[in-house]
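Below is one structure; the comments refer to it alone.
Order of the sequence lines sets the chain letters (A, B, ...), proteins ahead of strands, with each chain counted from 1.
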Number of protein chains: 2
Amino acid sequence: MKKTIAIDMDGVMADTEPHFFDYYEQETGIRLTRQDIAGMTEYDAFKGKGHGMVNKPGFFRTLPLMEGAVEAVKSLMEDFEVYIVSAAMEFPLSLPEKYEWLAEHFPFIHWRNIVFCGDKSIIKTDFLIDDHCKNLDYCHGKPIMFDAFHNTNLHHHQRVNSWAEVLELLEGERAAKVKN
Amino acid sequence: MKKTIAIDMDGVMADTEPHFFDYYEQETGIRLTRQDIAGMTEYDAFKGKGHGMVNKPGFFRTLPLMEGAVEAVKSLMEDFEVYIVSAAMEFPLSLPEKYEWLAEHFPFIHWRNIVFCGDKSIIKTDFLIDDHCKNLDYCHGKPIMFDAFHNTNLHHHQRVNSWAEVLELLEGERAAKVKN
């Protein structure tokens, strides 16, 4: 049986950071940089405007792709059972938008493998690739922390800085599969 | 820590059977009964019309409540961590409709405890209350089969015929909690 991987959407498959910067600039006229907000929570980084942005129609539908995400997910699916696990329930508008976004950018992912949830504590997979420690801290498998401004000062999980590093990290698991 | 229960929506919290009968009658002029379709799959029972119905706007939003569901879920939440786990991904239209249906009938359930998924194989809770063996067969905890026309001939899981029977079955688990 293939090992299972849960993959987060925002900040992992989708590049939320520049999108937040764009929305914040439209609202305030100020262009933030990664340096301005490194180590801050999303709420503090955007002075409470974050939740306003994510409730605007279109925010989730128009998120840019994280570099290398499509190719990497496709590649992982060859050797792993991949689930997309997104904490979408806090923002009800995001439900159809995230579904359509996945259909556009990742049409090769079956609906059986998509999960929109609240907290992720009852998700049981062998690996969780996520940018938020609130999810990684309680996962049942091996946590893999995707680099983001808000986790830059947290070091208690294995960090990956790109999808290339995800593939590199999981290469050994593929090799193990071939040996079995 | 409270034990966890995953609760299915269609056929458990929502009474899908009479709703299917209504839609089928509107389409064909024929009123089916439980006897007509006992033991059949949903697909066979509605001669392939089932999937047509569930893709119609409003189908999931207007589902009637299963008798006793609201009071029982509220009661279980006193002693268990209750998650609503619905296989909604097959029918994308159902995502906002199910969210709104829950907000109307179960406003006391937090978004953190709602999961819309495809298959339920990566959901790990101590109990799963569901009407479909495709979910119950692979669950990580104790499966509890809510009676439905399509599972009437299946006897490999503990069956409950009503929400009153769910509460009765789980009474021992509450008592155990008090003793600890």
I'd like to know if [Y] and [X] are part of one continuous hydrophobic network [Ile/Leu/Val/Met/Phe/Trp/Tyr, side-chain heavy atoms within less than 4.5 Å].
X	Y	value
B:Tyr83	B:Ile5	no
B:Leu167	B:Phe108	yes
B:Met66	B:Met77	yes
B:Phe106	B:Leu76	yes
A:Ile7	A:Val115	no

Checklist line | Interface moiety of A:Phe116 toward chain B, non-hydrogen atoms closer than 4.5 Å | finding: both
Margin query: Report, in residue-number order, which members of residues 93-100 of chain B are under 4.5 Å from chain A by heavy-atom distance.
Written below: B:Leu95, B:Tyr99
Check: By number, which residues in residues 118-149 of chain A have some heavy atom less than 4.5 Å away from chain B?
Finding: A:Gly118, A:Asp119, A:Ser121, A:Ile122, A:Ile123, A:Lys124, A:Thr125, A:His140
Check: Rounded to the nearest 0.5 Å, how far does CD1 of A:Ile84 lie from SG of B:Cys117?
Finding: 14.0 Å
Margin query: Does A:Glu67, at its CD atom, have more than 12 non-hydrogen atoms belonging to other residues, nucleotides or ligands within less than 6.0 Å?
Written below: no
